[in-house]
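Structure, as structure tokens:
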Amino acid sequence: MAEKYTPQEIEPRWQAQWVADGLYKVVEDPDKEKFYFVTMLPYPSGDLHIGHWYAMTPSDAAARYRRMQGYNVLFPIGFDAFGLPAENAAIKKGAHPYKWTLANIDHMRGQLRSMGAMWAWDHETVSCDPEYYKWTQWFFLKLYDMGLAYKEFAPVDWCPNCNTTLAREQVWGDDRHCERCGTPVIKKELNQWKFRITRYAQELLDGLETIDWPERVKTMQTNWIGRSEGAEVTFTVAPDCLSDAQPGEGDLGVFTTRPDTLWGATFMVLAPEHPLVSRITTPAQQAAIGAYVQQASRLDEIARGAVDKEKSGVFTGAYAVNPVNGARIPIWIADYVLMTYGTGAIMAVPAHDERDFDFALKFGLPIVPVIDRPDGRAKSVIWDGSVTEGFEAALQGAGIAYKYLTIPERGRFFGVPLESDAEIDAFTAILQAHLRPGHWADIVGRRWQVVFDDAVMTLDSAAADEAIMARCQAGYDYMGQFRTTMAMWSDVAWYSDVLFHHEYGTMIHSGAFSGTPGGRAKADVTAWLAQQGVGKAAINYRLRDWLISRQRYWGAPIPMIDCPTCGTVSVPYGDLPVVLPEDAEFLPTGESPLKFHAGFRNVTCPQCGGDAERETDTMDTFMCSSWYHYAYVTPYHKAGQRLSPNDTPWDEAQGAYWLPVDQYTGGIEHATMHLIYTRFFTKAMRDMELVPFDEPMLRLFNQGMILGEDNEKMSKSRGNVSAPDDLVVRHGADTIRAYLMFIGPWELGGPWNSKGIEGVARFMNDVWNLAVDGEGQIGNSSYDEKAVRELRRTAHQTIRDVTSDIEAFKFNTVVAKLMALRNALKAARSTAIYGSAAWDEALDSLLLLVAPIAPHISEELWQRRHPGPSVHVQRWPAWDADAAKEDVITLVVQVNGKVRGKIEVPAGVDEAAARELALADPNVQRHIAGKTVRKVIFAGGSLVNIVVA
RNA sequence: GGGGCGGUGGCGGAAUGGCAGACGCAUCGGUCUUAAAAACCGAAGGGGCAACCCGUGUGGGUUCGAAUCCCACCCGCCCUACCA
């Protein structure tokens, strides 16, 4: 009986041996091409999850493959060790965050080692080590010196459970809850440190084109940065509404993406927090405005998320002047205008902006269309009592289609859809000829006219709106309920699809610009605004500055000091790190212990020597992870030494060799957080002249998520968690690794299946038995050239296919193809090929190709066959194109696209021969009998399609 | 509302213009066994004795040929959301 495969024995033995041999020691070697491979570092929660295996072991396989290809590979690991869970554990269990974290890291190191990954442990970094966060603080000072860090008193999102502020991207969902604990956030006004990431908005956008990242991430970042092009236009508060104004004080700048709609701006809306609100509100509106502003701020505190919320707002009593036509327009406040975007004020163009349209209808504000409908559609509704006999016949005579509409209690109407200018002209003429005195009908969608028996009025201004309504209300009491012409029209359900649009189109009702085609309108108006000195082209970004202050203990202290004499003063570089005091008290009040720690808080001002106070906020942990892939290069560089602004956080020779990251892998959930911050960091580092490149990671791959057997996210509460430690005991790390890679495309993730892993376990057993079992074989078949060639072909095709698949991170098909090679070897084992040169070649190839996937079994078997250097330093096998080539192929014969025959032919058969063979096939003959062959297609060297009719 | 990804046997999935279902799981039959498990060998998309027919969410289109390309729709998941 042959020796059994026992991963439980083999795996720890090799893991220890590799450490002893220094197999994964990394040394810079200028003669070798480097490959810097990083997988996102774990948070030391205390227990390794199968998700970590899913993220890390395929990365390890890819890194090992690079190494076997001859690259000098750096594949480091570290811990993102600051963060709330440690502090919460401290409050709950009394364990100090530092001890708690280090104990977790210690446990996790062991778990990580059980993966058998080729981590460069010499390069490990732990972000909560003072020698690490010394540099995190150094970066803060550098950013501060560059004017990229600033302190601002502003409303921020606050998690009442975690007792800290959150960055915008850490607030999730419709109910705006905390990313970490799920508690809905509230608004708080606090003095906070921020980084000017917005200064790099355009570069962050442009840089995306230079990196090989998934389109999905690029799209998410593009949307998050949210560039929009338009113009800044200066409206002014009407002089009588801001009596004591200094010059320029009444200027009310707005950002708009649609300067071509300026003539349709019939009112303005300010954010409730806008500084001008209190200045311009008239005494009569004071009470209402005050109440609304207060309600708006409270609403922020409770829940801002109300989707599809009814529009609300209050008139300030003040007016502004529209710079393009001098129109006097009312200024309102409303919470749909955000203080944090653009200028906190908008010009409202209700005819072409849906939010403004809703608002105007609700509050009776005039709506004036200023962009023609590109589709040319218009509609008219005429009460049959408004027109004289013969109207209907005239419509028919002119070939104008119409239908009858019945409006309850108002009788019968003609509904006339109008599709062209000519039709509208003809229709207007007929209408005018048939309208009874005192009656009217309207044309909406285009033209925007009300045709009276004696006049035509056009809705081309707020004044016209008033005039039209005056006349309609005078003519018909029913219209008294409507405040604007558009409100009157919107009462007619049949009009609903032509009243509003936001397309670009020919400008109308816009003074001298009327008639400007949509393609030019925006540019033309912008140029004119600049020339008039009332506006200019402008670009706005949705991206906000990065809020990094956290009101918690367990983070890197912000190295700043507040001095009553000198103001905000930075800690001198040479004094870093600002160390977290170990004797802090963790109380369940939620307040940061640093706030109450006198020894930490009270300092001497480095500038004047007087008493001063230390900043007690710590930094967002994304700050630590923004530069950890630089820290790996030389862990804890200059440990124990004083720093200066001219330092480099890593050994410069090492940095020059390894940087930047060639391949990065990790989850998609960081698309608009870590992955944007670290790009910002690198661009700032380039401006500090620390690095000569613009992007931190050249290639990125996002793996999917491993789910529970029930296809749901794994969670303890669902009880669907697969614990990796148990799995290692049962199956061994190699089997888990291979199974996780086999389960499906890496980027998609998928459900764990405890049955499915059996197939991979059998594979490992088979590989083992193929190499170890001395019994199979021989039989009495004679040595067969053809069978040898076939085994070699399979082996070389496998090398070829596995190489291209591993290159593309298609691990699932890599494993499938290795299984197929296993099948071929199993079949060959009971033939005379067993033990031949071809057999040895195929088996060695299998072991080499398996090595990145299953490092232990491949090493054990390789050493048994070839005692000496590790399988992991062997050269990745090359395929022989000749050996891989098929010599017989199946010629598929189709008749009219359906398969009617398959013929074995020599590979490389020419068209004439293929055609002849195909047509001679008896079944094919049967299908073309009695029909005319129209065409014969020969494709791909292996398919003939005979087209008959 | 906007954007993205996806829909293929009982299941995970392969095939990105040329034999649909590679590889594996589960299933069924067989060998071994007192028996079962394991292991090994074999079968297998559905229908039909067969020739064949039908099959990649639905409907159309392009093509000699479509899971694959185009159009419309349905369903699922993810991201985003009053961004002017």
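All values below come from the heavy atoms of this structure, side chains included, with hydrogens, waters and symmetry mates left out. Chain naming here is simple, since letters A, B, ... match the order of the sequence lines and numbering starts at 1 in each.
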Between the base of B:C52 and the side chain of A:Arg926, is one N or O donor paired with an acceptor at under 3.5 angstrom?
no

Next item on the list: Give me the ring orientation class for A:Trp746 and A:Tyr54: parallel if the planes are under 30° apart, tilted from 30 to 60°, perpendicular past 60°.
Entry: perpendicular

dist A:Ile333:CD1 -> A:Leu276:CG (nearest 0.5 Å) comes out at 12.5 Å

With syn meaning chi within 90° of zero and anything else anti, the base of B:G9 is syn

Checklist line | B:C25 versus B:A43 - spacing of their P atoms, nearest Å | finding: 15 Å

Practice task
Take atom P in B:C28 and the same atom in B:A36, then report the distance between them in whole Å.
Solution key: 13 Å

A:Ile743 atom CD1 is separated from B:A14 atom P, nearest whole Å, by 12 Å

Re B:C25: Watson-Crick or G-U wobble partner, both distances kept under 3.5 Å, found to be B:G10

Taken to the nearest whole Å, CG/A:Asp353 to C1'/B:C82 is 9 Å

Q. Mind checking the C1' distance from B:G45 to B:G10? Whole angstroms is fine.
A. 11 Å

From CG of A:Leu707 across to C1' of B:C77 the rounded distance in Å is 11 Å

A:Val944 and A:Ala918 have their tightest heavy-atom pair at CG1-CB, 3.8 Å

Rounding to 0.5 Å, atoms CD1 (A:Ile346) and NE2 (A:His274) come to a distance of 11.5 Å

The Watson-Crick or G-U wobble partner of B:G1, with both key distances under 3.5 Å, is B:U80

- Task: Indicate whether any N or O donor in one side chain lies under 3.5 Å from an N or O acceptor in the other, for A:Asn765 and A:Arg762.
- Result: no

Side-chain contact check for A:Val899: nearest option of B:C83, B:C52, B:A20 is B:A20

Out of B:G18, B:C19, B:C52, minimum distance to the side chain of A:Thr890 belongs to B:C19

- B:C40 phosphate, OP1 or OP2: any side-chain N/O from A:Lys826 under 4.0 angstrom? yes

Exercise. Does the gap between the ring centers of A:Phe359 and A:Phe267 come in under 6.0 Å?
Worked result: yes

Per nearest nucleotide of RNA chain B, the residue lying toward the 5' end, A:Ile668 or A:Thr257, is A:Ile668

Query - Distance, C1' atom - from B:A84 to B:C71, rounded to whole angstrom - result: 34 Å

Rounded to whole Å, CG of A:Asn765 lies from P of B:A39 at a distance of 8 Å

Regarding the side chain of A:Ile937, the nearest nucleotide among B:C19, B:C82, B:G18 is B:G18

Query raised in the report: Base, sugar-phosphate alone, or nothing: which one does A:Pro751 contact when heavy atoms must sit under 4.0 Å apart?
Result: nothing

Taking B:C79, B:C53, B:A51 as options, the one with an atom nearest any side-chain atom of A:Lys898 is B:C53

**Request:** Have a look at A:Val337 and say if it touches a base, only the backbone sugar-phosphate, or nothing, with a 4.0 Å heavy-atom cut-off.
**Result:** base

Minimal heavy-atom distance between A:Ile676 and A:Leu204, with the atoms involved, is O-CD2, 4.3 Å

Rounded to whole Å, NZ of A:Lys931 lies from C1' of B:C64 at a distance of 15 Å

Open item on the list: Considering every strand and a 4.0 Å limit on heavy-atom distances, what is the contact class for A:His927: base, sugar-phosphate, or nothing?
Closed with: sugar-phosphate

Of the listed B:C64, B:A84, B:C79, the closest approach to the A:Lys935 side chain comes from B:C64

inquiry  = On the nucleotide B:A84, are OP1 or OP2 found under 4.0 Å from the side-chain N or O atoms that A:Thr343 carries?
reply    = no

Taken to the nearest whole Å, CZ/A:Arg900 to C1'/B:C52 is 8 Å

Under a 4.0 Å heavy-atom criterion, the protein footprint on nucleotides 22-28 of chain B, written with B, S and -, is BBSSS--

Smallest heavy-atom separation, A:Ala521 atom then A:Asp260 atom, equals CB-CB, 3.6 Å

Taking atom types as they are modelled, would you say the side chain of A:Lys902 forms a donor-acceptor pair with the base of B:C19 within the 3.5 Å cutoff?
yes

Should A:Lys218 be listed as having a side-chain N or O under 4.0 Å from OP1 or OP2 of B:G3?
no

Of the candidates B:C19, B:C79, B:C40, the side chain of A:Asp766 sits closest to B:C40

Using atom P in both nucleotides, what's the gap between B:G65 and B:G76 to the nearest angstrom?
35 Å

request  = Remember a base hit wins even if backbone is also touched, and classify A:Asp358 as base, sugar-phosphate or nothing at under 4.0 Å, heavy atoms.
outcome  = nothing

Checking B:G3, B:G13, B:C82 against the side chain of A:Asn223 (C-beta onward), the nearest is B:G3

Considering only heavy side-chain atoms of A:Leu943, the closest of B:G3, B:G18, B:A84 is B:G18

Using Watson-Crick geometry (N1-N3 plus N6-O4 or O6-N4) or G-U wobble (N1-O2, O6-N3), each under 3.5 Å, B:A72 is paired with B:U58

- Message: Can you confirm if the NZ or CZ of A:Arg737 lies within 45° of the ring axis of A:Trp53 and under 6.0 Å from the centre of its six-membered ring?
- Response: no

Contacts of A:Asn945 and A:Gly226 projected onto RNA chain B by closest heavy atom; the upstream (5') one is A:Asn945

B:U8 and B:A67, which share atom name C1', separated by this distance in whole Å = 7 Å

Rounded to whole Å, the OH-P distance (A:Tyr341 to B:A84) equals 4 Å

Note to self: Using modelled atom types and a 3.5 Å cut-off, is there a donor and acceptor pairing between side-chain atoms of A:Lys311 and backbone atoms of A:Phe363?
What the structure shows: no

Quiz item: What distance, rounded to whole Å, do you find between the two P atoms, one in B:C75 and one in B:G24?
Solution: 38 Å

Separation of B:C52 atom P from A:Gln894 atom CD, nearest Å, is 15 Å

Partner of B:C40 under the Watson-Crick or G-U wobble criteria, both distances under 3.5 Å, comes out as B:G30

Q) Taking the P atom of each, how far is B:A38 from B:A26, in whole Å? A) 9 Å

CD1 (A:Ile757) and CE (A:Met764) are apart, to the nearest 0.5 Å, by 9.5 Å

